[in-house]
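The block underneath contains the structure these notes are about, expressed in structure tokens.
Quick note on labels: first sequence line is chain A, next is B, and so on, each numbered from 1. In this text, all values refer to a predicted model and were calculated from it rather than measured experimentally.
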Amino acid sequence: MPEKPYDHQEIELKWSARWKDDPTLYRAVDDGSRPRYYVLEMLPYPSGRLHMGHVRNYSIGDALARYQWMRGYDVLHPMGWDAFGLPAENAAISRNTHPRTWTMENIAHMKKQLDRMGFAYDWDREVSTCEPEYYRWNQWFFLKMLERGLAYRKNSLVNWCPECATVLANEQVVNGCCWRHETTPVEQRQLEQWFFRTTAYTQEYLDDMKLLEGHWPERVITMQRNWIGRSEGTEADFAMEGSADRIRVFTTRVDTIYGATCLILAPEHRKSSELCDTADLAAQLKAMVDDQSRKDPENLEKAGFFTGHYATNPYSGQRTPIWVGNFVLMGYGTGAIMAVPAHDERDFEFCRKYGIAVRPVIRPVDGALADGETMAAPFEEYGIVEDSGEWSGLASAVARKQMSQRADDEGFGKAAITYRLKDWGVSRQRYWGTPIPVIHCKSCGVVPVPEKDLPVVLPLNVEVTGKGSSPLANVPEFVNVDCPKCGEPGRRETDTMDTFVDSSWYFFRYVDHANATMPFDAAKVAPWFPVDQYIGGVTHAILHLLYSRFWCRVMRDLGMVSFAEPFKNLFTQGMVQLNGQTMSKSKGNIVDPDEMTQKFGADTCRLFVLFAAPPEKDMDWNESSVEGQYRFLSRVYRFVTRNIDVVNEGNPDADRKALRKIHQTIAKVTADFDNRWHFNTSIAALMELTNELYSLEASLSTDVRRQAMETLVLMLGPFAPYASQEMWEQMGRAGAIIRQTWPVSDPDLAREDSIEVPVQINGKVRSRVTVALGLSKDDLEKVALADEKVVAMLDGKQIVKIVVLPDRLVNIVVR
RNA sequence: GCCCGGGUGGUGAAAUCGGCAGACACAAAGGACUUAAAAUCCUUUGCUCCGCAAGGGGCGUGUGGGUUCAAGUCCCACCCCGGGCACCA
């Protein structure tokens, strides 16, 4: 058969048409006959239009899924859902919309884009989780959490993005700005808000990280650990002078408490307004509360004022002035601190500024106690406690423990653990998102919507102004509803849920997407979960990945799953950057893959993006090598098409060489898949094999030629599905490539029979000798010493030592 | 400031366990085929020095030290780039 030119358009059109409606292709067998493997992908936000970052994410996951399939696993691979931009005419709403509220038109558009890119997708499942019906299950979970006290409403100071005109969770505030509007500073507002009690599992998140270690990237684990921010310390009450009240402080260094020379309250602390009992103090306090520069802690100059009041140190009995300071955080610990300037940098800075005494009480283990008057910097290490009454002479660590115990014994405090993690504020004043299923009644209070009335569906024809309160509040038909308990007129809750609620559990529903009575059937989920492999951007490290860990525990406590961790393995791919900046819609530096796909095809596009760099590494976008990938595919295609019917007796030497290369390549590519996903080296190995086959082409026997072609095509399958499928068919083989068995390397065929061993003299390569594989140490040494170049080099030198590694190297050390 | 990554040719990168640095590509230059172009194929390509040549020498993985027969890889110190966290008491 003559050689055919590689026509990617024809091939890709043909196979996308054939695959489109073939349900056997991408769907699990689902009869439990094969082991399960669940690949899940999630893109880095912000997403926007389809761009190269998505192609990279999908190419990685798709290659893995195809490989696992060929290795005999039944693979569930629904693919990421937040990837695809909406058509331009929908741009106005697409900006803030969410997949769960997408329309069927939106989905059709996504489907078209994905099909064109040649990514497998199980549309039934995706469409199902996008239907408004999906609200029902968010609401169902909400009601279950409400019953268990895991959902609650409280009035609190919350983050407010003026651009979104909505509340944000702590996790969604990035550098003091909204995560979707990176230049809009977040404001603080006092509002009635709904929360999920994520802190119910705080210690579990930390403890269970043991299960994730080695399976999740270390930096993600560290980021979560820092976010949770556990610190062990002591709470202690300072009794207020002239009142029965106390001020409770939290400290991790109670061993320094004899050095506390003042108390500092956060301006928002309840006691601050109480103690600022003159007009002047009240004005100072108000100015401090309103001070916008406090949002930028990096450049904030510490400032404060004395309230004129005093409290008593519970340990030393010392009279301690009470100050208010702009740097003390209300949201951490108790909102009040004891300032120990001698042993804390921040306190030092503050106290020096206002002339407050510096009183050292810890001396370095091998040093002397510092002089507070002349101290240039605080001593923050552990040491020996001094000038601290009965505790003097103890080591810091011992004193900490014993002093904590004393607080507990005498009732003025206790050992305490403080976390940085706060509950998840889920109220949003947005149109998109699941309506919160409760009704406010004057006489009954907050009444849950009865389960039979779910789902509470978003009304249509809502005017989205993007300003003020929830747009739902302006829809009387939605708001005015009778109380389910007493029947009197009530008001429906108009807040909707954070869309991270959707992403916390949607992937569970993929395995039971048509269930009409439950979010999913526990028995159907059991064989698939936890997710074996999650592939996504590191940007989700604390938002989505922490929320999912919370949700999974809630489901566990509801008896729906039997495990706490939803994702067994996490792989964070590198970002695709353009001129050093991460591609994102907001920066406007997106490279659309359309052009490349049109010109070179989806297969080339995948090969290109996988070949450019290992997947965990960031890659700067540079298209210059894409033609090389196209050339490579063309070379393979031409080789296959022109050799299909070739009959040749062949040359045994060439056959052996080809077989060796084939089996070496299988070993290499398989190892890359199993160990490290460095697809750039896998593809390089396939290129080497192709080059070798080109050079041996004329001398190959019919049988080996056939084996070579088939193996090459099978191994190309995960990376270039269209082209390899086409070649498979042209070779007269039936069925889908992904239903074929992954080739197995035969070590006997892969083994080299002779090998070139470098001979070094004093560590520098001076010659090479070709010897039989496995030649003994002694024999190899003899061969090396007999080599004429070596003999010449050794002339007049004295051999000190010879290092011989069979099959690897000889190093002769001379003097 | 603290915690992670990373620094290798003109470019993307490879070297997986301390053992031949630069696999595989891109780009570039030269050649074959062609009226020409495209496509394809072949050759050269880390820097540098000696030589007409065949060939040979030296240097080389951010910098400076160290360990070792042997270091891109291990140890110490430092510089630079990227990312995350940060008045968390």
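One can place CZ of A:Phe632 at 15 Å from C1' of B:rC26, the figure rounded to the nearest angstrom. The distance between atom CD of A:Glu616 and atom P of B:rG6, rounded to the nearest whole Å, is 9 Å. Atom CD1 of A:Ile761 and atom C1' of B:rA70 are 14 Å apart (whole Å). Here B:rA27 presents its C1' atom at 14 Å from CZ of A:Phe611, a figure rounded to the nearest Å. Atom pair A:Asp255:CG and B:rA89:C1' shows a separation of 13 Å (rounding to whole Å applied). Per the geometry, CE belonging to A:Met715 stands 17 Å off P belonging to B:rC24, to the nearest Å. With rounding to whole Å, A:Trp621 atom CH2 is found 13 Å from B:rA13 atom P.
Within the 4.0 angstrom heavy-atom criterion, only backbone atoms of the sugar-phosphate kind lie near A:Gly628; the bases stay farther away. At the heavy-atom level, A:Leu300 lies under 4.0 Å from base atoms of the strands shown. Among the heavy atoms of the strands, none lies under 4.0 Å from A:Val757. No contact: A:Arg815 has no heavy atom under 4.0 Å from any strand. Using a 4.0 Å heavy-atom cutoff across all strands shown, A:Glu349 reaches no nucleic acid atom at all. Within the nucleic acid shown, A:Tyr419 has no heavy atom closer than 4.0 Å to any nucleic acid atom. Across all strands shown, A:Pro217 has no heavy atoms under 4.0 Å from either base or sugar-phosphate atoms. Using a 4.0 Å heavy-atom criterion, one finds that A:Arg219 contacts the sugar-phosphate atoms exclusively. Within 4.0 Å (heavy atoms only), A:Lys302 reaches at least one base atom of the nucleic acid.
A:Lys302 places no side-chain N or O within 3.5 Å of a backbone atom of A:Glu349 that could act as its donor or acceptor partner. With hydrogens and angles disregarded, a donor-acceptor distance shorter than 3.5 Å links the side chain of A:Asn762 to the backbone of A:Val814.
Distance check on atom C1': B:rC81 versus B:rA15 gives 23 Å, rounded to whole Å. Rounded to the nearest Å, the gap between the P atom of B:rU16 and that of B:rA32 is 42 Å. With C1' as the reference atom, B:rG51 and B:rC33 are 36 Å apart, rounded to whole Å. Using C1' as the reference atom, B:rG58 and B:rC2 are 45 Å apart when rounded to the nearest Å. For B:rC26 and B:rC42, the P atoms lie 12 Å apart once the distance is rounded to whole Å. Across B:rG18 and B:rA13, the matching C1' atoms stand 22 Å from one another, rounded to whole Å. B:rC74 and B:rC59 have their P atoms separated by 24 Å, with the value rounded to a whole Å. Of the P atoms belonging to B:rU8 and B:rU73, the separation is 14 Å, rounded to the nearest Å.
From A:Phe250, atom CZ reaches atom CD1 of A:Ile417 across 8.5 Å, with rounding to the nearest 0.5 Å. Separating the CZ atom in A:Phe327 from the CG atom in A:Asp347 is a distance of 5.5 Å, to the nearest 0.5 Å.
Ion pairing between A:Glu688 and A:Lys668 fails under the 4.0 Å rule for side-chain N and carboxylate O. Contact check on A:Glu692 versus A:Lys661 returns no salt bridge, with no Lys/Arg side-chain nitrogen under 4.0 Å from an Asp/Glu carboxylate oxygen. Salt-bridge formation is detected for the pair A:Arg225/A:Glu213: a Lys NZ or Arg NE/NH1/NH2 atom is positioned less than 4.0 Å from an Asp or Glu carboxylate oxygen.
Taking only side-chain nitrogens and oxygens, A:Arg631 never comes nearer than 4.0 Å to OP1 or OP2 of B:rC24. In this structure, A:Asn680 reaches the B:rA14 phosphate: one of its side-chain N or O atoms is under 4.0 Å from OP1 or OP2. Look at A:Arg635 and you won't find any side-chain N or O under 4.0 angstrom from OP1 or OP2 of B:rA25. Contact annotation: A:Asn691 side-chain N/O to B:rA25 OP1/OP2 distance is under 4.0 Å. Note on A:Lys764: a side-chain N or O is less than 4.0 Å away from OP1 or OP2 of B:rC59. A:Arg808 has no side-chain polar atom (N or O) that falls below the 4.0 Å cut-off from OP1 or OP2 of B:rG18. Distances shown here put a side-chain N or O of A:Arg420 below 4.0 Å from the OP1 or OP2 atom of B:rA86. Put simply, A:Ser231 has a side-chain N or O that comes within less than 4.0 Å of OP1 or OP2 on B:rA89.
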(request) Starting from the C-alpha separation in whole Å, work towards a yes-or-no answer on side-chain hydrogen bond (donor to acceptor under 3.5 Å, both in side chains) for A:Ser776 and A:Asp778. (result) CA-CA 6 Å; A:Ser776 75; A:Asp778 291 348; 5.6 Å; no
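When all heavy atoms of A:Phe608 and A:Ser625 are compared, the pair lying nearest together is CE1-OG, 3.4 Å.
In this structure, of B:rA89, B:rC69, B:rA25, it is B:rA89 that holds the atom nearest to the side chain of A:Val328. Residue A:Met687 has its side chain nearest to B:rC24 when only B:rA14, B:rC69, B:rC24 are considered. For A:Leu809, the side-chain atoms get nearest to B:rG19 when compared with the rest of B:rA89, B:rG12, B:rG19. Looking at the side chain of A:Gln760, the nearest of the listed nucleotides B:rG19, B:rC85, B:rC4 is B:rG19. Candidate nucleotides B:rG19, B:rA14, B:rA89 were compared by shortest atom distance to the side chain of A:Leu805, and B:rG19 ranks first. Of all nucleotides listed (B:rA25, B:rA23, B:rA89), B:rA25 comes nearest to the side chain of A:Gln629. Closest to the side chain of A:Tyr332, out of B:rC26, B:rA89, B:rC69, is B:rA89. Checking B:rG57, B:rC88, B:rA14 against every side-chain atom of A:Arg676, the shortest atom distance belongs to B:rA14. Nearest nucleotide to the A:Pro614 side chain, out of B:rA14, B:rC87, B:rC69: B:rA14. Here the nucleotide nearest the side chain of A:Asn811, chosen from B:rA70, B:rA89, B:rU40, is B:rA70.
B:rC17 has its base syn relative to the sugar, with a glycosidic angle deviating from 0 by at most 90°. Glycosidic torsion of B:rG9 falls within 90° of 0, placing the base in syn.
Ring centroids of A:Phe600 and A:Phe632 are separated by 6.0 Å or more, keeping the two rings apart. Side-chain rings of A:Phe611 and A:Phe719 stay apart, their centers remaining 6.0 Å or farther from each other. Here A:Phe238 and A:Phe412 keep their ring centres 6.0 angstrom or further from each other.
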(message) Let's test your reading of the pairing rules: Watson-Crick or G-U wobble, both distances under 3.5 Å, then write RNA chain B as a dot-bracket string with ( ), [ ], | and dots.
(response) (((((((..(((......[....))).(((((.......))))).(((((....)))))..(((((..]....))))))))))))....
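Of the two residues contacting RNA chain B, namely A:Gly229 and A:Pro758, the nearest-nucleotide position lying further toward the 5' end is that of A:Pro758. For the pair A:Glu756 and A:Thr681, both in contact range of RNA chain B, the more 5′-proximal nearest nucleotide belongs to A:Thr681.
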